[in-house]
Amino acid sequence: MRVAVVHYHLRPGGVTRVIARAVDAVRRHGIRTAVLSGEPGAAEVAADAVCPQLAYDEPASARGSAPDPEAIRAAARTALGGAPDLWHIHNHSLGKNVALPRLVAALARRGEALLLQVHDFAEDGRAENYRRLRAALGGEGMAALYPAGPRVRYALLNRRDRDILAGAGAPPDACLRLPNPVEAPPRAADAQPEEDAPPLILYPTRAIRRKNLGELLLWAALQGGAARFATTLTPENPEARPIHDRWVALAGELGLPVAFGLGDDGSRSFGALLGAARATITTSVAEGFGLAFLEPWAAGLPVVGRDLPEITADFAGAGVRLDGLYTRLDVPATWIDRAELRRRIGDGLRRARGAFGLDCTAADADRAFEAALSPGGIDFGRLDESMQAAVIRRVAGDAGAREEWTPAGLPLETAAGQEAAGLVAANAAAVAEAFSVAHYGERLADIYRALV
């Protein structure tokens with residue numbers, strides 16, 4: 001079987017890592033692959049054919065012509081030694097190249113076998129991409145993004161994404177769940193926790209806004225110096241830096257034991273950072289796949305922090321126990337001006353919906369506001385940055401505030417509880433069983449054969 005694997009680029013990152021592991025895994029099943037990309041690639045995987053038409057658009061070329069199907073087919077034939085039996089295309093509908101959906105539609109009309117793997121949706125917070133897609137597709141409509149046919153299948157990361165796409169009109173039997181493979185990051189043998197320093201709780205993340213850095217600082221303030229905290233990577237996008245840098249400044253101002261971007265300069269590998277940590281933490285309020293909930297267990301470390309049940313339900317179904325995580329972190333209601341919170345949530349929702357051309361009613365804003373409330377208080381993760389910063393200042397600067405409110409689930413205590421319960425070894429085994437590269441390769445090879 002010959003499979004053409006297509007992506008915009010092969011720069012270091014999550015999708016490139018998945019492509020590299022998938023290509024290696026399915027080759028063990030006798031499947032020949034060729035990777036077609038708009039760029040040559042990096043150390044993890046190199047392009048077998050470089051097709052500049054597949055690369056990211058510049059905004060000015062939002063109405064550019066589609067990549068020529070015959071030219072792309074010719075490149076695939078040359079790389080594979082024959083016509084591809086199947087096209088495995090990654091993130092075609094993300095809007096990074098607004099002409100790519102036309103190529104996909106053309107292949108679908110020809111009856112080609114297509115596996116369209118969606119890692120990220122333009123509809124999920126990427127309003128600029130979404131608007132560019134609408135403009136580029138014009139009269140074809142957004143339905144052109146998601147072609148249907150007897151030889152078209154969609155690979156989704158989890159049940160949530162599968163249910164959303166099927167609920168939007170895609171044929172349910174064409175929507176397949178394909179969780180990402182997980183490999184244990186090697187923990188450097190010579191990297192050990194510092195003996196004379198408080199334990200390190202590592203947040204393995206590129207610290208963009210949805211990673212909710214304020215909550216990391218809050219735990220540092222609540223932990224009272226018993227633990228140190230750190231992130232691994234700083235955002236690369238200049239638009240994401242101002243919010244990140246304000247958290248850096250606040251941590252410095254309050255003297256919180258939080259370090260940022262430990263892996264930025266490349267002097268320490270991810271394995272070395274893990275080797276120096278007692279546990280990992282995640283405070284994210286939104287994820288695609290949720291690697292931070294799985295990878296640390298495989299490396300022998302507990303995971304503490306905020307749960308995202310719509311993401312982790314699949315992991316629980318595979319036997320990974322995440323019962324030490326919390327779904328809310330409620331601060332006392334008396335600490336928050338409810339009227340001001342209601343106003344800010346309404347304003348934020350109107351901006352978010354308006355960016356996609358949608359109206360926002362008072363009832364919509366009321367539902368969003370009510371979701372922040374519970375009998376126990378107001379979820380810290382629902383506050384904006386300035387309200388979060390006010391809570392952090394209160395906790396860091398007032399012992400009375402910490403006496404009034406110190407929530408259950410302090411990271412260091414939660415990690416110790418997970419270790420005592422034997423969860424690290426049990427979860428490492430569950431991750432290896434359900435999310436191994438070998439298991440991924442078997443699943444993907446089965447999908448290929450069924451499609452062909």
Side-chain angles (χ1 to χ4, degrees), residues 1-56 67 72-92 94 96-97 100 103-104 107 112-120 151-157 176-186 270 288-289 291 294-295 298 431-432 434-452:
M1 188 192 300
R2 297 184 178 96
V3 175
V5 180
V6 179
H7 191 231
Y8 306 105
H9 64 77
L10 297 170
R11 303 170 195 168
V15 176
T16 296
R17 190 177 308 118
V18 169
I19 291 172
R21 292 173 180 174
V23 164
D24 181 60
V26 299
R27 284 175 179 169
R28 299 175 196 174
H29 291 264
I31 295 170
R32 184 170 184 174
T33 64
V35 179
L36 282 64
S37 176
E39 300 175 5
E44 284 187 289
V45 60
D48 297 293
V50 177
C51 305
Q53 294 170 299
L54 299 173
Y56 281 176
I72 301 299
R73 283 171 58 84
R77 279 196 303 270
T78 299
L80 287 165
D85 299 297
L86 181 145
W87 297 80
H88 185 167
I89 304 176
H90 293 262
N91 264 355
H92 78 286
L94 185 58
K96 291 293 191 178
N97 178 329
L100 184 58
L103 170 65
V104 171
L107 293 172
E112 302 272 6
L114 296 175
L115 181 63
L116 305 175
Q117 187 163 355
V118 181
H119 302 266
D120 307 283
R151 306 191 76 207
V152 178
R153 298 290 183 274
Y154 292 89
L156 293 314
L157 296 178
L176 311 175
R177 190 166 65 91
L178 184 66
N180 285 342
V182 178
E183 279 189 322
F270 185 39
F289 174 63
L291 191 63
L294 298 177
E295 200 171 46
V431 170
F435 300 99
S436 68
V437 175
H439 183 81
Y440 186 83
E442 291 171 5
R443 170 74 171 138
L444 193 53
D446 286 344
I447 292 172
Y448 286 173
R449 293 188 189 106
L451 250 175
V452 171

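Treat the numbers as computed from the prediction; the structure is a model and nothing was measured.
Side chains of Leu291 and Asn180 form no contact here, defined as non-hydrogen atoms less than 4.5 Å apart. Residues Trp87 and Leu103 have side chains not in contact (no heavy-atom distance under 4.5 Å, counting atoms from C-beta outward).
Nearest heavy atom pair, residue Val50 against residue Pro40, reads CG2-CA, 3.7 Å. Residue Val5 comes nearest to Ile19 through the heavy atom pair CG1-CG2, 4.1 Å, listed as atom of the first residue, atom of the second, then distance.
Remark: the Thr33 side chain and the Arg27 side chain contain an N/O donor-acceptor pair separated by less than 3.5 Å.
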List the steps and the verdict of side chain to side chain contact (heavy atoms under 4.5 Å, CB included) for Ile89 and Leu107. CA-CA 11 Å; Ile89 304 176; Leu107 293 172; 4.2 Å; yes
Any chance you could lay out the salt bridge (Lys or Arg N to Asp or Glu O under 4.0 Å) test for Asp446 and Arg449, step after step, and finish with the verdict? CA-CA 5 Å; Asp446 286 344; Arg449 293 188 189 106; 3.4 Å; yes
Determine whether Val3 and Val26 satisfy the following criterion, side chain to side chain contact (heavy atoms under 4.5 Å, CB included), listing intermediate values before the conclusion. CA-CA 10 Å; Val3 175; Val26 299; over 6 Å; no
Side chain to side chain contact (heavy atoms under 4.5 Å, CB included) between Val18 and Gln117, intermediate numbers included: CA-CA 11 Å; Val18 169; Gln117 187 163 355; 4.1 Å; yes
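A donor-acceptor distance shorter than 3.5 angstrom exists from the side chain of Arg21 to the backbone of Pro181, with no hydrogens or angles considered. Distance alone, capped at 3.5 Å, is enough to place a donor-acceptor pair between the Tyr8 side chain and the Asn91 backbone. For Asn97 (side chain) and Gln53 (main-chain N/O), a donor-acceptor pair under 3.5 Å exists by modelled atom type.
Stacking of Arg11 on the aromatic ring of Tyr56 is recorded, both the 6.0 Å distance cut-off and the 45° axial limit being met.
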Donor-acceptor pairs under 3.5 angstrom involving side-chain atoms of residues 74-85: please list them, not counting sequence neighbours.
from  : atom 1 : to    : atom 2 : distance (Å)
Thr78 : OG1    : Ala74 : O      : 3.0
Asp85 : OD2    : Arg2  : N      : 2.7

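Among residues two or more places apart in sequence or in another chain, the ring-ring contact (aromatic ring centres under 6.0 Å, His included) test is passed with His90 by His88, His119.
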